[in-house]
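First comes the structure, then the notes that go with it.
Sequence positions, counted from 1, serve as the residue numbers for this chain. In this text the structure is predicted, and so the values were computed from the model without any measurement.
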Amino acid sequence: MGKRFLISFCSLSAWALGPSYCSAGQAATLKMMFQGDPYEIQIIDDAAKRFEQANPGTTVELINTPHDAYNEKFGSAASSNSLADIVELDAPFLSNYVWSGYLQPISGLVDQALIDDMTPSNISQGTYLPDGKLYAIGLTDSTVALYGSRKQLEALKIRIPKSVADAWTRDEFEAALKTLADSGVKWPIDLFRAYGTKTEWITYAYEPILVSMGCDVIDRKTWKAAGTLDGKTCVDAATLLQTWVKNNWVVPASAGQNQFYAEGRPAGLAWGGHWFYAEANAKMGDDVVVMPLPKFGQKNASPNGTWIYAISKTASDPALAGKFLSFMLNDPAYRDAYKAHSGFPGLKSFAAASPLYADKGAMAVAFEQATASAVPRPPHPGYPTITLAFQVAMANIFDGADAQTEFTKAAKKIDDDVVDNGGYSPFGQ
């Protein structure tokens with residue numbers, strides 16, 4: 001279990017009766033369930049304390065739940081009708097939670113200025129398709145970029161792309177991998193298999209390759225996987241990744257997560273999340289160059305989506321929940337902490353204040369992907385089944401299994417789940 005903090009909020013209706021009413025034991029408790037790294041736990045706790053000071057007589061309970069157990073704990077709380085007033089959630093699960101009746105729209109509750117400040121990809125990750133309403137917001141978003149050593153690439157005469165429009169093609173990317181291998185690099189690319197074979201990284205980081213090549217894990221109009229995931233284009237995409245592994249071009253899971261910047265640099269390139277820049281820069285300094293993900297087919301594609309905040313439908317005081325979220329997301333110290341940890345901007349004002357992502361910043365091309373190529377993971381209530389089926393299939397394919405067989409099985413699991421849930425109406429209608 002995560003550490004628990006108690007900072008209670010007096011409800012707005014109670015506060016209207018005066019401080020004595022709250023101090024007499026009538027104060028409501030606003031609960032917020034979240035996960036995060038140690039620094040996030042600290043800055044959220046600090047923001048809550050500052051809110052308490054700015055709003056005498058108020059209290060909130062912060063419930064920190066470990067990342068790896070979060071979705072399970074969320075499900076348990078939802079099943080027992082005990083969801084916190086404010087809940088953090090991983091963006092691709094939003095459709096499932098809204099469809100299940102767990103969340104309410106945040107417009108009118110969170111400051112409109114904050115909503116107007118959201119980047120397109122932030123809006124995308126917080127929006128429920130059927131009604132087009134915004135259900136969640138966050139200070140940050142995310143992406144995956146391609147990292148390399150400027151000195152190494154220049155020495156090998158490998159072109160360094162400088163914008164999404166300038167991204168490597170599939171042929172250029174594979175030529176770069178071969179050049180790196182021929183030059184003696186142990187592993188030309190780290191796909192971060194060390195993150196695990198059944199983790200969200202699999203769908204988050206690799207689905208863009210399928211999308212770029214012209215397919216997807218599920219058809220986003222019919223919401224059927226058969227004929228899409230198990231079609232020739234997706235099978236070819238998976239076989240492509242499998243070939244890289246067979247060529248010994250990919251860092252194996254057993255080698256860990258630091259091969260790009262470890263002594264001797266065993267990995268030439270890294271297919272890493274935005275958070276990886278801080279790690280690599282700490283070891284390699286300005287030699288780290290950030291490039292857009294390759295364009296494998298007719299379009300550029302990159303992932304987005306991260307942990308964002310929503311207000312539960314059962315919130316005791318939705319207006320108060322929105323007031324706290326607005327305070328926290330605007331809090332200068334809260335923003336500074338994320339800026340110090342290379343937080344990927346989900347608000348335009350935060351981007352403007354983050355030199356790393358500003359024009360000509362080291363991560364500028366990664367931030368460009370947020371508007372130029374970001375594709376959210378399938379915003380469908382069946383996403384928990386979709387991502388697990390894809391994870392299992394890709395893990396098996398990486399280990400040498402036949403891509404057609406694995407994707408056919410995965411497509412059936414996804415479609416069976418849709419049928420078992422009555423089509424997840426109104427999806428697919």
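Salt bridge annotation for Arg220-Glu207: present, with a cationic side-chain nitrogen under 4.0 angstrom from a carboxylate oxygen. Between Arg150 and Asp286, none of the side-chain N atoms (NZ, or NE/NH1/NH2) sits under 4.0 Å from a carboxylate O, so this pair counts as no salt bridge. Look at Asp45 and Lys49 and you find a salt bridge, because one of the NZ, NE, NH1 or NH2 atoms lies within 4.0 Å of a carboxylate O, short of that distance. Ion pairing between a basic and an acidic side chain is recognised when a charged N comes within 4.0 Å of a carboxylate O; Asp399 and Arg193 show such pairing.
Not less than 6.0 angstrom separates the ring centroid of Trp99 from the ring centroid of Phe93.
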Can you list, pair by pair, the side-chain donor-acceptor contacts under 3.5 Å of residues 346-356, counting residues two or more places apart and other chains?
unit_1	atom_1	unit_2	atom_2	d
Lys348	NZ	Asp116	O	3.2
Ser349	OG	Asp117	OD2	2.5
Ser349	OG	Arg335	NH1	2.9
Ser354	OG	Phe350	O	2.7

Exercise answer: donor-acceptor pairs, residues 374-381 side-chain atoms, under 3.5 Å, sequence neighbours excluded:
unit_1	atom_1	unit_2	atom_2	d
Arg377	NH1	Glu200	OE2	2.9
Arg377	NH2	Asn304	O	3.1
Arg377	NH2	Gly305	O	3.3
His380	ND1	Gly382	N	2.8

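Side-chain atoms of Glu279 and Tyr261 include a donor-acceptor pair closer than 3.5 Å.
Between Tyr97 and Tyr102, the ring planes lie tilted relative to each other; the angle falls in the 30° to 60° range.
A cation-pi contact links Arg265 to Phe260, judged by a cut-off of 6.0 Å to the six-membered ring centre and 45° from its axis.
Here the closest heavy-atom approach between residue Ile115 and residue Ile106 is recorded as CD1-O, 4.5 Å.
Separating the CZ atom in Phe324 from the CG atom in Leu109 is a distance of 15.0 Å, to the nearest 0.5 Å.
Using a 4.5 Å heavy-atom cutoff, the side chains of Ser121 and Thr119 are in contact.
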